[in-house]
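Working notes for the structure below.
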Amino acid sequence: MALTLLALTAGVSLAVGTRPVAWAEIWAGLTGHVDSIGAAAVAVRMPRTVLALLAGAALGVAGAVMQGITRNPLADPGILGVNAGAALFVVVGIAWFDISGAATFMWLGVAGAGCAAIFVYAIGSTGQGGATPLKLTLAGTATSIAASAFVVALVLPRNDIAGGVQAWQVGGVGGASFDTLLPALPFLTAGLLLSLAAARVLNALALGEDLAAGLGQNVAAGRIMSAAGAILLCGAATALCGPIGFVGLVVPHAARMFGGIDHRVLLPLSAIGGAVLLGSADVLGRVIARPNELDVGVVTAFVGAPFFIWTARRQRMRGL
Amino acid sequence: MTLIIDTQAAAPASHARNRGTRRAVIVLNMLGLCLVGLIALTLSCGQGCLPPAHVLAALTGADAGGADFVVNDLRLPRALMSLVVGLCFGLGGAAFQVMLRNPLASPDIIGISAGAGAAAVFAIVVLSLEGWAVSAVAVSAGLGIATLIWGLSSGRGAAGARLILVGIGVSAMLNSVTSYLLLDAPAWDRAEAMRWLTGSMNGAQLVQVWPVVAALAVFGGLLAVSARDLDLLRLGDDAARALGVRSDATRFRVTLAAVGLVAFATSAAGPVAFVAFLSGPIAARLTRGGRFILPAAGLIGAILVLAGDYAGQFMLPARLPVGVVTGAIGAPFLLLLIVKANRNGGTL
């Protein structure tokens, strides 16, 4: 059923947009004939659809892994500041080292995501009670704000790079092409495999750290492995289309409702759910603001923030 | 939660209070001196420095030989704007923090600044309003957001973790609204856009200062009237009620005043990052709590904005808006506050 939904999203994303197209034109565009304007539009929508689905899947899995590792229902690569860290590194690369080219962006994004994740977790888990949702959220928010302040400081004096960086920052999948997508594939594949391999450890962790160790799981190794997977996924996704928030928060919760809490099911389901969410957010953004386009990051924030609030309300807060 | 703001509430011995008062008065005077010094610096030194005599002559309207334009048209509006905006943010932020007994519950973290900012941008870009109308829209949006956050986080103690988490969610949403509105306005100049994303004093004019001054008088006055009741509320609702404080009415007045201050300042200069958040804890640390927190926080807010703006203009390799400077200072401070609360064994 989930796969059907995915196929449906992909189809809609190809067919619906600023310009209405006929079925024949969709087919022509898919098979590489760009004779009419409609077919050309479909051809442009193709890499964009692939990008939205890939990035959504990556963010969905990353969110599920982060929620599993931190045992925190509010964990999300956007809220925990990981995407902002990736964005900061990419912008530093653009501004100081004149870096261009999607492959370098990938490395920078992953490095930034890693630094931010370690930093936020270190700050959020100090003191008693470990990494509570509130502490992690605050540490992530502070890190995001600091990172975006530095991004502004870097971009503002540089008119040459400003426009591109700003559009990329809000989270756009509009400028996609297959050339920029290719370098991301190894990163995304590696991240996905690492996360899936760690699914059993995440399952054990859900019982508590001591019990997990008692069940014979190598907790530390599993944590590091799955964290590395999540960092690869959100670093690459951010480098591709800018920091997109809330996908990683909403999707795992929804997936848990349908598929239960077993991470071996949850992770693939989150991947599909993330792809569906980001794909449909992109379509929605194209449709509601015709003839303009609403950036996908704005749409996901609108869907995701109420969900975040709802989760925060439902959860019995520890502390205070 | 380490209640930095609450430190003196349980120390009723009168000599201690006198000592505390004396300390607070000294602190307030020092802050005032600092502020005057910063204003003098802003007025006299910029791209080039003017001798004090020329600055004074320009201010008093005498012939100042070319200093007139620089001082009266460029530097004075900027200094005044920084001063009043900083006062507003400092007072409004500290009022929230004291009322909710939580240093994290400042308007820039729980989404009230974001709401006022998004509303101001909406009023300017979409509705093409200007002047007072923008401020009015910003204030009503700020009040609306405050009500919304209160409503969403109600039940089992609104001052708790839930309020802050709900507020963070609300701000994320509102910030994306602002980003979208700015991205969608094609003729929008980027420097102007920065004002609404981080807060900036660029191009401040005297005309824009007056609404904020008026807001400072009205809402600051309302806050001053409520200050005693607010102070007593820190003892807890029951004790305050026994002392004749109407707790809900006081909360309403303080919320109205604080939202008004923050929203007017935001609609003039943008949501200057973290000034509202930083001023209260610093004031509490300096004055050791007590009823002088609010005025001290106002002064500290003004100092932060003036110093941040000056540093952003002249002391860094590139010219940056004040919000970037205060954001870069404020985020580490927030992290420090988290680490510190953890180390003291408090649960945040």
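Lettering of chains follows the sequences in order, A, B, ..., and the numbering in each one begins at 1.
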Does any heavy atom of chain A fall under 4.5 Å from the side chain of Val170(B), the backbone, both, or neither of them?
-> both

Between CD1 on residue Ile149(B) and CD1 on residue Ile309(A), distance to nearest 0.5 Å | 8.0 Å

Going from CD1 on Ile145(A) to CD1 on Ile109(B), what distance comes out if it is rounded to the nearest 0.5 angstrom?
-> 6.5 Å

Close side-chain approach of Phe302(A) and Val177(B), heavy atoms under 4.5 Å = yes

Go through the atoms of Phe307(A) and report whether side chain, backbone, both or neither lie under 4.5 Å from a heavy atom of chain B.
-> neither

Interface moiety of Phe274(B) toward chain A, non-hydrogen atoms closer than 4.5 Å = side chain

Contact summary for Leu335(B) and Ala142(A), nearest pair of heavy atoms = CD2-CB, 3.7 Å

Report yes if the side chains of Ile168(B) and Leu138(A) come closer than 4.5 Å at any heavy-atom pair, otherwise no.
-> yes

Does atom CZ of Phe150(A) have more than 12 heavy-atom neighbours from other groups under 6.0 Å away?
-> no

Kindly give the heavy-atom pair with the smallest separation between Ala305(A) and Met173(B), and that separation in Å.
-> CB-SD, 3.5 Å

Tell me, side chain or backbone of Phe308(A) under 4.5 Å from chain B's heavy atoms, or both, or neither?
-> side chain

